[in-house]
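Computed from a prediction, not measured in an experiment: that's the story for all the values here.
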Amino acid sequence: MKFLVIEDDPGHAVLISRMLKKLFPTCAIETNQEIAGVLARDDFQQFTAVLSDLTLPDAEGLNRVRLLSDHMPKIPLIVLTSLVDEQMALQALENGAQDYLSKHEILSEGSAGEDKLRRAIHYSIQRQESQRENQRLVQQLTESKKLLETKNKRLEELCETSQRFVDNVSHEFRTPLTVIKEYSSLIRDGVIGDVNDEQVAMLNVIDDRTDDLNTMVDDLLDFSRLEAGLLGMYQQECMLEDIIKYLFPSLRRKAAVRNVVLELEIPDDLPCIWCDSEKIGRVIINLVVNAIKFCGEPGRVKLWALANDVDREVQVGVSDNGPGIPQEKLAEIFNRFEQHVTNVRQSTKGFGLGLGIAKELVDLNLGQMEVQSELGMGSDFIFTIPYAEYDEILQRQFTAIRKENSNSAEICVVSLRAKDVTDECDLTDLGMLLQQDLRRHDQLFRVNPRHWLAVLSMPPLELSGFTQRIENDRREISRNRPKGDLPEIEIKYRGSWQLLECSEEQVLAAIHASYADEEALHVCPT
């Protein structure tokens, strides 16, 4: 250890040096009476600490402290003074000193004074080392922040480029596929001349393969948007019968091309469900097409559904009479780019995305998917969709948020009201606007025609960003809207809850209580 003592009183310099030698017998000590000579040096790194009087001939008070601190920022500085002034002590510390001691106390109090000086030196060295480490960490964090910002910007550019590439390629695929499908339909329907049964069968194969390619394009688009977090959801009250009624004719034609019997077993009294009908339709298409590809000879596939009042959900299943899936492969069947290899009916290769995307779409719709299979006995792919019941939907939403955010699962609830509007077209457009601004685990309920409730997976601090996003999108849409500006939206904060600290029942009760003076909460058709 080596100390530098700056003291213009020779007697005090000697006493302080003796005390340092007593406290640190192996230390070296240098003394100096003026600050100018000290500042002219460039070898400060050799000193463990500097002890300096507050008043020197060529510099006084805080000016001296600032000069020494600026000139040797990495060396602990302890100020010694004959004055006892708490205000001056605080100012000395603010200007770079690590400690402030009264010379009278340390030189006249014997062992107690020695202890004060020892502690001051010890803690000053520790504080200086902590400051250096903090400065190093701050610099490291600053550099890391700049690097992360640069990388994030690059990733955003790459993500946007890849998304644009997939969208462009998908568009380029769809254009010729649409032409092929339309022309084959014209020929098959005899618009340009009679065709025999064999030709019709071949044209049906063209139509079927065109649909396969369209499905692959849909899979690519869904995969890309899921990866980028850009896959929009529009969940609302639906009837499963309506979804299947729209899809079933094309699925039956596809099955017929491959000589597969497609059966339908859907009860007439299924309850309303809560989902994005387009996304659930994609799930059904992928499961049925997969079953048709892998069913046995002769092929039989059944699309069925039943209500589960206990779990408040509708179960939808696709069953086939194919070769089945080995038990060790069941855990992998929903992995992306994973295809179960078999020699049955797999004349069309895909990307191995269909089942994985189907499962993710079910998850986004607050359901679950499973597969039951036995070798030689076929397979059953089953997924669930929740009933259109407010509490049931929110309980599933809370579970999904907790699962994904195990450290901080917070929700923020707001009401959104359309101002001065009665036109249903305006209200419909507003609902679509609100839906597009939701994130993965958000939910939007239409309480009445002019009023929505949003349960958002975010802390209150992020609410201003959500509000600003809605207003920016409303203005942007209004600029190009033939019917004029969309109505303004009044957003009212209802409350926020930390899901890891509250039970689902407590949160639901609190949300209901916030509406006690207005209207009962329920799922209203959108």
Side-chain angles (χ1 to χ4, degrees), residues 218 221-222 225-226 229-247 270-286 305 307-308 311-316 357-369 383-404 411-416 418 427-458 466 469-470 473 489 494 504 507-508 511 521-526:
D218 287 336
L221 280 172
D222 284 348
R225 289 168 180 165
L226 280 167
L230 299 174
L231 186 64
M233 296 287 289
Y234 189 42
Q235 292 171 286
Q236 58 183 328
E237 188 181 59
C238 302
M239 298 300 296
L240 181 64
E241 299 96 310
D242 295 335
I243 299 174
I244 293 177
K245 182 179 179 181
Y246 175 77
L247 299 174
L270 288 176
C272 294
I273 55 175
W274 183 258
C275 68
D276 182 323
S277 59
E278 190 272 333
K279 301 299 186 297
I280 292 300
R282 292 274 295 113
V283 173
I284 293 173
I285 289 172
N286 278 4
N308 182 349
D311 295 323
R312 313 308 293 169
E313 63 188 14
V314 169
Q315 292 180 321
V316 184
I357 289 174
K359 186 178 187 307
E360 293 199 44
L361 293 179
V362 170
D363 290 342
L364 287 174
N365 280 282
L366 302 176
Q368 293 183 323
M369 179 178 284
F383 67 93
T384 61
I385 314 170
Y387 287 178
E389 297 173 350
Y390 175 82
D391 286 4
E392 178 64 30
I393 297 163
L394 284 185
Q395 286 180 8
R396 292 178 182 234
Q397 179 195 14
F398 298 161
T399 300
I401 294 173
R402 285 195 188 98
K403 183 178 180 181
E404 188 162 299
I411 62 164
C412 185
V413 179
V414 296
S415 62
L416 308 103
L427 293 170
T428 299
D429 289 349
L430 274 180
M432 295 181 67
L433 164 67
L434 297 176
Q435 283 282 354
Q436 75 178 21
D437 282 324
L438 299 182
R439 299 187 297 186
R440 179 180 176 91
H441 290 305
D442 297 340
Q443 286 293 330
L444 183 72
F445 303 97
R446 194 171 183 181
V447 181
N448 66 44
R450 297 177 56 241
H451 176 199
W452 292 264
L453 176 75
V455 182
L456 309 171
S457 175
M458 65 174 66
F466 172 76
R469 189 164 68 247
I470 288 177
D473 288 348
I489 303 172
R494 291 284 180 177
E504 295 173 357
V507 177
L508 288 172
I511 297 175
L521 288 178
H522 60 281
V523 175
C524 176
T526 55

Q: For the residue pair His441 and Glu404, confirm or rule out a side-chain donor-acceptor distance under 3.5 Å.
A: yes
Q | Contacts of Arg396 that satisfy side chain to side chain donor-acceptor pair (under 3.5 Å) - sequence neighbours left out | A | Glu313, Glu392
Q: Check whether any side-chain heavy atom of Tyr234 sits under 4.5 Å from a side-chain heavy atom of Glu278, and report yes or no.
A: no
Q) Can you tell me if Ser457 and Gln397 form a side-chain donor-acceptor pair at under 3.5 Å? A) no
Q: Enter the distance from Tyr390:OH to Gln443:CD here, rounded to the nearest 0.5 Å.
A: 10.5 Å
**Q.** Beyond-backbone contact of Leu416 with Ile470, side-chain heavy atoms, under 4.5 angstrom
**A.** yes
Q.
Quick one, Arg312 and Pro386 - any side-chain contact, counting heavy atoms below 4.5 Å?
A. no
Q.
Measuring only between side-chain heavy atoms, which start at C-beta, is Leu434 closer than 4.5 Å to Ile489?
A. yes
Q.
List the residues meeting side chain to side chain donor-acceptor pair (under 3.5 Å) with Glu241, not counting sequence neighbours, and say none if there are none.
A. none
Q: Kindly indicate, with the supporting measurements, whether the criterion side chain to side chain contact (heavy atoms under 4.5 Å, CB included) is fulfilled by Val413 and Leu456.
A: CA-CA 6 Å; Val413 179; Leu456 309 171; over 6 Å; no
Q) What distance separates Arg402 CZ from Ile411 CD1, expressed to the nearest 0.5 Å? A) 9.0 Å
Q | Over all atoms of both residues, closest heavy-atom pair of Arg469 and Asp437 | A | NH2-O, 3.1 Å
Q. In terms of side-chain heavy atoms, does Glu389 have a donor or acceptor partner in Trp274 at a distance below 3.5 Å?
A. no
(Q) Could you check whether any side-chain heavy atom of Ile511 comes within less than 4.5 Å of a side-chain heavy atom of Arg494, counting everything from C-beta outward? (A) no
Q.
Quick one, Phe398 and Val507 - any side-chain contact, counting heavy atoms below 4.5 Å?
A. yes
Q: Would you give the length of the straight line joining atom CG of Asp429 to atom CG of Leu433, rounded to the nearest 0.5 angstrom?
A: 9.0 Å
Q: Show your reasoning for whether side chain to side chain contact (heavy atoms under 4.5 Å, CB included) applies to Tyr246 and Asp242.
A: CA-CA 6 Å; Tyr246 175 77; Asp242 295 335; over 6 Å; no
Q | Side-chain heavy atoms of Arg446 within contact of Gln236, under 4.5 Å | A | no
Q) Can you name the one residue among Val362, Leu270, Ile273, Ile385 that meets side-chain contact (heavy atoms from CB on, under 4.5 Å) with Val316? A) Ile385
Q) Considering all heavy atoms of both residues, which atom of Val414 and which atom of Leu453 are nearest to each other, and what is their separation? A) O-CD1, 3.4 Å
Q: For Asn365, enumerate each residue passing the side chain to side chain contact (heavy atoms under 4.5 Å, CB included) test, keeping only those at least two apart in sequence or located in another chain.
A: Met233, Gln235, Cys275, Asp276, Lys279, Ile280
Q. Of all heavy-atom pairs between Leu430 and Trp452, which one has the smallest distance, and what is that distance?
A. CB-CH2, 4.0 Å
Q) Do the side chain of Arg450 and the main chain of Ala418 share a donor and acceptor less than 3.5 angstrom apart? A) yes
Q: Supply the atom-to-atom distance Leu438 CG to Gln436 CD, rounded to the nearest 0.5 angstrom.
A: 9.5 Å
Q) If you draw a 6.0 Å radius around CE in Met239, do more than 12 non-hydrogen atoms from other residues or ligands fall strictly inside? A) yes
Q.
So that I can tick it off, tell me whether Lys359 and Asp363 are bridged by a salt bridge, with the cut-off set at under 4.0 angstrom between side-chain N and carboxylate O.
A. yes
Q | Shortest non-hydrogen contact between Ala305 and Val314, atoms and distance | A | CB-CG1, 4.4 Å
Q.
Determine whether a donor-acceptor pair (N or O, by modelled atom type, separation under 3.5 Å) exists between the side chain of Thr384 and the backbone of Gln368.
A. yes
Q. How about Leu247 and Ile285: do any of their side-chain heavy atoms sit closer than 4.5 Å?
A. yes
